[in-house]
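Below is one structure, written out as structure tokens; the observations come after it.
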Amino acid sequence: MPKMKTHRGAAKRFSVTAKGKIKRSKAFASHILTKKTTKRKRTLRKAALVHSANEKAIKRLIPYL
């Protein structure tokens, strides 16, 4: 069986933690920042984990990470 290919778009957006969970960055932090509060923008900088319902699908996209 041939090797699986990594989905390059997914590889740039997700990373795997030491325990095997998938880390992601939060959305809505790139533009139109003037109307967002400082607290909201600060929270958007932090990383989040992918929900367990979506974990299996994303692990299939990034098999070797």
Side-chain angles (χ1 to χ4, degrees):
M1 189 152 214
K3 289 182 187 177
M4 289 177 69
K5 285 197 172 184
T6 299
H7 189 289
R8 297 313 297 163
K12 291 167 189 174
R13 286 168 174 82
F14 303 104
S15 60
V16 183
T17 62
K19 289 193 173 186
K21 295 177 182 178
I22 300 173
K23 198 166 63 169
R24 65 171 177 88
S25 56
K26 291 185 181 174
F28 308 108
S30 58
H31 63 104
I32 317 174
L33 297 170
T34 50
K35 63 175 80 168
K36 294 169 190 163
T37 63
T38 311
K39 181 181 178 180
R40 184 174 166 194
K41 289 185 279 190
R42 186 168 59 242
T43 311
L44 288 172
R45 283 200 296 262
K46 298 172 184 173
L49 294 175
V50 168
H51 195 272
S52 56
N54 302 320
E55 223 168 82
K56 187 180 175 184
I58 297 191
K59 279 187 176 175
R60 200 175 293 136
L61 294 172
I62 48 172
Y64 303 111
L65 294 185

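Under the 4.5 angstrom side-chain criterion for Ile, Leu, Val, Met, Phe, Trp and Tyr, the cluster partners of V50 are F14, V16, I22, I58, I62, L65. The hydrophobic cluster of L61 has no other members, since no ILVMFWY side-chain heavy atom comes under 4.5 Å of it. Members clustered with M1: none, using a 4.5 Å side-chain heavy-atom cutoff among hydrophobic residues.
Taking both residues in full, the closest heavy atoms of K41 and K36 are given as CE-O, 3.4 Å, listed atom of the first, atom of the second, then distance.
In this structure, the side chain of Y64 engages the main chain of M4 through a donor-acceptor pair within 3.5 Å. Between the side chain of H7 and the backbone N or O of A10, at least one donor-acceptor pair lies under 3.5 Å. Using modelled atom types, one side-chain atom of R13 and one backbone atom of G9 make a donor-acceptor pair closer than 3.5 Å.
Scored by the side-chain contact (heavy atoms from CB on, under 4.5 Å) test, K26 finds R24, T43, L44, A48 as partners (sequence neighbours excluded). H31 pairs by the side-chain contact (heavy atoms from CB on, under 4.5 Å) definition with nothing, not counting sequence neighbours. For T37, the side-chain contact (heavy atoms from CB on, under 4.5 Å) partners two or more places apart in sequence, or in a different chain, are K39, R40.
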